[in-house]
Amino acid sequence: MNNQQLLNRSLNAVWHPCTQMKQHETLPLIPISRGDGVWLTDIENKKYLDAVSSWWVNLFGHNNSRIKEAIKQQLDCLEHVMLAGFTHEPVVELSEKLSHLTGLGHAFYASDGASATEIALKMSFHYWRNSGKPAKNKFISLQNSYHGETLGALGVTDVAIFKDTYAPLLMQSAQMPSPDFRLAEKGESAEAFALRCAQVLEDYIAQYHAELAAFIIEPLVQCAAGMGMYDAIYIKRAREICNRYHVHLIADEIAVGFGRTGTMFACEQAQIKPDFICLSKGITGGYLPLSTVLTTDEIYAAFYNDSTIKGFLHSHSYTGNPLACSAALATLAIFETDDVINNNQQKTAAINEKMQVLTDLPIQHMRNKGMIWAFDVMTENAGFATTCYQQALQHGLLLRPIGKTVYFMPPYIINETEMDFMINTTKLCIEQSYA
């Protein structure tokens, strides 16, 4: 089958995500046939360096032999069994390992990040109801936050293009000032700005804590807000404030967990433990859909009761799927055996040094947290994101700018030659796109 035939079939049969489908009249789909390492290959054998880890999910490269082998072995034993009334070794072992890593327990599984957000919100609300405080049923999040696109998740999301259309369907929430250091006053440090934002958070919670169930936050990096990064002191203060006023802290580590910010979980950099942690994306190394929410023993105990309606009656058919759990276990094994966090620090330093070639471009706010890099292009081109994306594809690079923000979130296995290609090609694409 040739390229055009597959494109036509896809346009006739597939509704693609986060897409105005009419745009594909002029912006062709890319038909991918294979992945190896940091590279994707289309059906005409053209290669693209996956600088965004296929929507931030791929950690150790496409076609990773260890993850692939773990799935194959599990496939020979058990592909799936419902988790209501049954259990199996992969989900138990994965839950134990995640509990050890996070300091939280009793993992509750779903398939995607938005579902994890839904679970955490429902658990928080239900905890307060079971605890005799049903008035604590509202939520707060950060300005410019993104927590998923199901209705509950959209209720705490603050990205207009995703939220505004569905506003009549959504629960209301309040948004606190974002500590994204790009919003700081001139001369104000990232730490000072974060503390100023935290004071507004405390003032709000002090006034409304009797009706607040939880504060949900993306630790360190607000990814969909154009990789808005902020000082860890904000998370530390948020934990103190939530403790003081008995409000849950939900850490949405869906995008930033599993080493993305330089530690296994972003909350570690603030030396705090949230009441709930939401995990997905990199949890399986980018192989299979899986998400989970872990919480405290105290919250779990509030649901442990003779009454069925006090239980957490949330489910979906593929909860704790053994194949996905086996991929996650293989991913965690790579962290354990390959000293990934320390090795990533060396790669972070190398990429930071190489990115200095970009400084003569019309950019600002060059920033980095672990294995995430971003900068903002100063351009009047309203279509910059699309133009840059197209230019990059022509040169064999997958970039997906967020507005005027260009970012890198490559697989951790990227090597020096691939780093050079990613950065130098990006420089060329910006030169061809910003005017």
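Values reported hereafter were calculated over all heavy atoms of this structure, with side chains retained and with hydrogens, waters and symmetry mates removed.
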If only side-chain N and O atoms count, and only distance matters, is there a donor-acceptor pair under 3.5 Å linking E149 with Y166? no

Audit row: N321, H80, side-chain hydrogen bond (donor to acceptor under 3.5 Å, both in side chains) steps and yes/no: CA-CA 6 Å; N321 174 260; H80 184 64; 3.2 Å; yes

Treating K138 as the side-chain partner and S173 as the backbone partner, does any N or O pair qualify as donor plus acceptor under 3.5 Å? no

Does V256 reach the side chain of E218, with side-chain heavy atoms less than 4.5 Å apart? no

Without swapping roles, check the side chain of E268 against the backbone of F265 for a donor-acceptor pair under 3.5 Å. yes

Would F303 and F108 count as a close aromatic pair, with their ring centres under 6.0 Å? no

If you measure only the distance, is there a donor-acceptor pair under 3.5 Å linking the side chains of Q391 and S433? no

Could you check whether the rings of F421 and W39 sit parallel, tilted or perpendicular, using 30° and 60° as the cut-offs? tilted

Main-chain N/O of D275 paired to T295 side chain as donor or acceptor, under 3.5 Å: yes

Hey, are D420 and T417 close enough side-chain-wise for a donor-acceptor pair under 3.5 Å? no

Kindly give the heavy-atom pair with the smallest separation between L323 and I71, and that separation in Å. CD2-O, 3.9 Å

Under the 3.5 angstrom rule, does the side chain of N130 hit a backbone N or O of K310 as a donor-acceptor pair? yes

Does a sphere of radius 6.0 Å around NE2 in H100 hold more than 12 heavy atoms from other residues, nucleotides or ligands, not counting ones at 6.0 Å or beyond? no

Would you say the rings of F215 and F139 are close, in the sense that their centroids are separated by under 6.0 Å? no

Quick one: sort the Y304 and Y300 rings into parallel, tilted or perpendicular, breaks at 30° and 60°. tilted

Could you tell me whether Y318 atom OH has more than 12 heavy atoms of other residues or ligands within 6.0 Å of it? no

Polar side-chain atom of K281 near backbone of D112 as donor-acceptor pair, under 3.5 Å: no

Kindly say whether S95 contributes a backbone atom to a donor-acceptor pair with the side chain of S99 at under 3.5 angstrom? no

Test side-chain hydrogen bond (donor to acceptor under 3.5 Å, both in side chains), reference H147, set T157, D252, D158, output is D252

Check this for me: does any side-chain nitrogen of one of K347 and E416 sit under 4.0 Å from a carboxylate oxygen of the other? no

Any non-hydrogen side-chain atom of L399 less than 4.5 Å from a side-chain atom of C388? yes

Among side-chain atoms of Q199 and D203, is any donor-acceptor pair under 3.5 angstrom? yes

Heavy-atom nearest pair, D180 first then G228, reads OD2-CA, 3.4 Å

Kindly check if the number of other-residue, nucleotide or ligand heavy atoms within 6.0 Å of CD (E353) is above 12? no

Can R260 and E253 be counted as an ion pair, charged N to O under 4.0 angstrom? no

Would a distance-only check, ignoring hydrogens and angles, find a side-chain to backbone donor-acceptor pair under 3.5 Å from S53 to M409? yes

Correct closest heavy-atom pair for S178 and N144 would be CB-ND2, 4.4 Å

Under the criterion salt bridge (Lys or Arg N to Asp or Glu O under 4.0 Å), which of R244, R196, R239 is the partner of E202? R244

One pair to check against side chain to side chain contact (heavy atoms under 4.5 Å, CB included): N381 and Y434. What are the steps and the verdict? CA-CA 6 Å; N381 178 6; Y434 75 87; 6.0 Å; no

For atom CD of Q356, decide whether the heavy atoms of other residues, nucleotides or ligands shown that lie under 6.0 angstrom number more than 12. yes

Taking atom types as modelled, find out whether D50 and S54 have a side-chain donor-acceptor pair closer than 3.5 angstrom. yes

Check whether more than 12 heavy atoms from other residues, nucleotides or ligands sit under 6.0 Å from atom CG of L169, and answer yes or no. yes

Are Y127 and H248, when compared by the centres of their aromatic rings, separated by less than 6.0 Å? yes

When you look at K404 and T379, which way does the side chain to side chain contact (heavy atoms under 4.5 Å, CB included) test go after all the steps? CA-CA 8 Å; K404 297 177 182 179; T379 174; 3.8 Å; yes

Could you walk me through whether L290 and L279 pass side chain to side chain contact (heavy atoms under 4.5 Å, CB included), step by step? CA-CA 8 Å; L290 185 69; L279 304 173; over 6 Å; no

Counting N and O atoms only, with roles assigned by atom type, does the side chain of K163 sit under 3.5 Å from a partner on the main chain of V156, one being a donor and the other an acceptor? no

Looking only at side-chain N and O atoms, does S124 offer a donor or acceptor that is under 3.5 Å from a partner on R129? no

Correct closest heavy-atom pair for G61 and P411 would be N-CB, 4.0 Å

Using only heavy-atom distances, determine whether the side chains of Q73 and S326 contain a donor-acceptor pair under 3.5 Å. no

Using side chain to side chain contact (heavy atoms under 4.5 Å, CB included) as the criterion, point out the one residue from N243, I216, I241, I217 that pairs with L249. I217

Can you find a side-chain donor-acceptor pair between S145 and Q222 that sits under 3.5 Å? no

Does a sphere of radius 6.0 Å around CG in L313 hold more than 12 heavy atoms from other residues, nucleotides or ligands, not counting ones at 6.0 Å or beyond? yes

Quick one: does W128's side chain have a donor or acceptor within less than 3.5 Å of a partner on A213's backbone? yes

Once you measure the plane-to-plane angle for H365 and F181, does it fall in the parallel (<30°), tilted (30-60°) or perpendicular (>60°) bin? perpendicular

Any side-chain donor-acceptor pair under 3.5 Å between T337 and R66? yes

Search all heavy atoms of F276 against all heavy atoms of L104 and return the closest pair with its distance. C-CD1, 4.4 Å

Of all the heavy-atom pairs spanning P322 and E79, show the shortest one and how long it is. CD-O, 3.5 Å

Taking the six-membered ring for Trp, are Y407 and F375 closer than 6.0 Å centroid to centroid? no

Keeping the roles fixed (side chain from E118, backbone from G152), state whether a donor-acceptor pair exists under 3.5 Å. yes

Just by distance, with hydrogens left out, do T405 and D376 show a side-chain donor and acceptor under 3.5 Å apart? yes

When you look at H88 and L83, which way does the side chain to side chain contact (heavy atoms under 4.5 Å, CB included) test go after all the steps? CA-CA 8 Å; H88 51 82; L83 208 57; 4.0 Å; yes

Gap between atom CG of D338 and atom CD1 of I413 - 0.5 Å precision: 11.0 Å

Using only heavy-atom distances, determine whether the side chains of Y287 and T331 contain a donor-acceptor pair under 3.5 Å. no

